[in-house]
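The next block holds one structure in the form of structure tokens; read it before the comments.
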Amino acid sequence: MNEKVLKALNGQVNMELYSAYLYYAMAGYMQSINLPGFCRWLEVQAMEEVYHAFKLYRFINEKRGRPVMQPIEGPPNEWASPLEAFEAAFAHEQKVTASINNIVDLAAKEKEFATVAFLQWYVAEQVEEEASADAVVQNLKMAGGAGQALMMLDREMAARAFAIPQEMAAYVSAGGGAA
């Protein structure tokens with residue numbers, strides 16, 4: 001695997017794990033202000049980010065590269081409001097999208113076409129990630145500061161669930177073997 005692309009992919013693993021840290025921090029904040037549905041939504045988001053890191057990690061291994069774990073920066077733990085937290089989440093997803101797009105560009109320049117193909121899943125996933133975070137931002141803006149509207153949103157957010165992706169479930173059930 002091209003060293004520049006490998007370094008960028010390892011950086012993306014770190015970014016995905018940071019994303020999980022960030023969403024767990026936000027979940028803790030939401031729980032502390034008695035919004036368990038928002039907490040649940042963010043916990044599920046954190047689990048998805050761990051899965052994103054797992055997919056990258058496995059790809060690096062499959063390409064005979066070496067995944068290198070780096071220190072994960074501590075995320076903020078306080079926000080002024082749920083809206084501020086979700087605006088930060090949306091901005092973070094835009095940053096992740098830019099990072100993935102940069103890696104796709106680098107991989108294409110370095111003629112790492114398998115990496116370009118692999119990353120197309122992330123390109124599509126980021127459209128969903130940004131839209132999902134932005135939808136919560138827009139709903140919170142519409143709710144204003146109205147307690148009843150916030151409680152309705154909280155109940156909606158609680159319905160989100162994490163389904164273990166097939167490739168991760170197969171990997172775990174195989175005892176860590178190839179999925």
Side-chain angles (χ1 to χ4, degrees), residues 11-59 69-101 103 118-173 179:
Q12 192 64 37
V13 169
N14 183 270
M15 180 176 264
E16 298 294 342
L17 292 173
Y18 172 82
S19 297
Y21 270 34
L22 176 63
Y23 292 129
Y24 278 128
M26 288 177 173
Y29 163 74
M30 295 299 175
Q31 188 64 42
S32 78
I33 61 170
N34 199 31
L35 292 172
F38 281 86
C39 174
R40 167 78 179 192
W41 193 98
L42 288 157
E43 287 171 341
V44 169
Q45 187 64 31
M47 289 180 234
E48 284 188 7
E49 302 302 341
V50 170
Y51 171 63
H52 297 167
F54 170 80
K55 277 182 71 82
L56 286 161
Y57 169 87
R58 292 292 303 147
F59 179 76
M69 299 299 106
Q70 303 162 30
I72 300 169
E73 182 183 339
N77 285 289
E78 296 293 330
W79 292 268
S81 66
L83 176 59
E84 183 182 84
F86 273 92
E87 286 174 334
F90 179 58
H92 178 73
E93 289 301 337
Q94 290 175 313
K95 183 178 173 183
V96 172
T97 298
S99 177
I100 289 167
N101 289 341
I103 299 169
F118 169 77
L119 290 173
Q120 293 312 302
W121 181 88
Y122 287 88
V123 171
E125 178 70 7
Q126 281 309 118
V127 172
E128 179 186 322
E129 297 287 329
E130 284 189 32
S132 183
D134 187 44
V136 177
V137 168
Q138 297 314 313
N139 284 336
L140 285 167
K141 284 181 178 178
M142 282 191 288
Q148 188 173 11
L150 190 60
M151 295 311 294
M152 288 176 62
L153 279 174
D154 190 60
R155 274 193 303 265
E156 256 183 58
M157 302 286 274
R160 188 172 188 201
F162 181 73
I164 296 175
Q166 182 66 26
E167 73 179 294
M168 190 175 234
Y171 182 82
V172 171
S173 67

side-chain contact (heavy atoms from CB on, under 4.5 Å) involving Q70 - partner list, sequence neighbours excluded: N10, N14
Kindly state each residue pair satisfying salt bridge (Lys or Arg N to Asp or Glu O under 4.0 Å) with at least one member in residues 152-164, sequence neighbours excluded. E48-R160
Can you list everything that forms a side chain to side chain donor-acceptor pair (under 3.5 Å) with Q12? Sequence neighbours excluded, please. E16, S99
Test log, rule side-chain contact (heavy atoms from CB on, under 4.5 Å), inputs N139 and F86: CA-CA 10 Å; N139 284 336; F86 273 92; over 6 Å; no
Show every side chain to side chain donor-acceptor pair (under 3.5 Å) that has at least one partner inside residues 80-92, sequence neighbours left out. S19-H92
Got a sec, which pairs hit side chain to side chain donor-acceptor pair (under 3.5 Å) with one end in residues 30-39, sequence neighbours left out? none
For the student: nearest non-hydrogen atoms of C39 and A27, plus distance: SG-O, 3.4 Å
Does Y23 have any ring pair (Phe, Tyr, Trp, His ring centres under 6.0 Å) partners at least two apart in sequence or in another chain, and if so, which? none
Reported CG-to-CD1 distance for the pair L56 and I100, which is rounded to 0.5 angstrom: 7.5 Å
Name all residues meeting the ring pair (Phe, Tyr, Trp, His ring centres under 6.0 Å) criterion together with F90; count only those two or more places apart in sequence or in a different chain, and write none if there are none. none
Flag, side chain of S173 to backbone of A169, donor-acceptor distance under 3.5 Å: yes
List the atom of H52, the atom of W121, and the distance in Å for their closest heavy-atom pair. CD2-CH2, 3.5 Å
Using side-chain contact (heavy atoms from CB on, under 4.5 Å), reason through M157 and R40 one step at a time and then give a plain yes or no. CA-CA 7 Å; M157 302 286 274; R40 167 78 179 192; over 6 Å; no
M26 and W41: side-chain contact (heavy atoms from CB on, under 4.5 Å), yes or no, with the steps? CA-CA 10 Å; M26 288 177 173; W41 193 98; over 6 Å; no
Rounding to 0.5 Å, atoms CE (M15) and CG (L17) come to a distance of 11.5 Å
Mind listing the closest non-hydrogen atom pair of P76 and L22 along with its distance? CD-CD1, 4.0 Å
Which pair of non-hydrogen atoms, one from A89 and one from A133, has the smallest distance, and what is that distance? C-CB, 4.4 Å
Answer yes or no: does atom OH of Y21 have more than 12 heavy-atom neighbours from other residues, nucleotides or ligands under 6.0 Å? no
Atom CE of M69: over 12 foreign heavy atoms under 6.0 Å: yes
Determine whether more than 12 heavy atoms belonging to other residues, nucleotides or ligands lie under 6.0 Å from atom CD1 of I164. no
Taking only residues two or more places apart in sequence, or in another chain, which ones meet E129 in a side chain to side chain donor-acceptor pair (under 3.5 Å)? Q45
For the residue pair F54 and Y171, categorise the inter-ring angle as parallel (less than 30°), tilted (30 to 60°) or perpendicular (more than 60°). perpendicular
With sequence neighbours excluded, tell me which residues meet side chain to side chain donor-acceptor pair (under 3.5 Å) with Q126. E93, T97
Please name all residues satisfying side chain to side chain donor-acceptor pair (under 3.5 Å) with D134, sequence neighbours left out, ordered by chain then number. Q138
With sequence neighbours excluded, tell me which residues meet side-chain contact (heavy atoms from CB on, under 4.5 Å) with Y24. E43, A46, M47
Is atom OH of Y57 surrounded by more than 12 heavy atoms (other residues, nucleotides or ligands) closer than 6.0 Å? no
May I ask you to test the Y122-I103 pair for a side-chain heavy-atom distance under 4.5 Å? no
Name all residues meeting the ring pair (Phe, Tyr, Trp, His ring centres under 6.0 Å) criterion together with Y29; count only those two or more places apart in sequence or in a different chain, and write none if there are none. W79
Closest contact, heavy atoms only, V44 versus A161: CG1-O, 3.7 Å
Yes or no on side-chain contact (heavy atoms from CB on, under 4.5 Å) for L140 and F38, after CA distance, side-chain angles and deciding distance? CA-CA 11 Å; L140 285 167; F38 281 86; 3.8 Å; yes
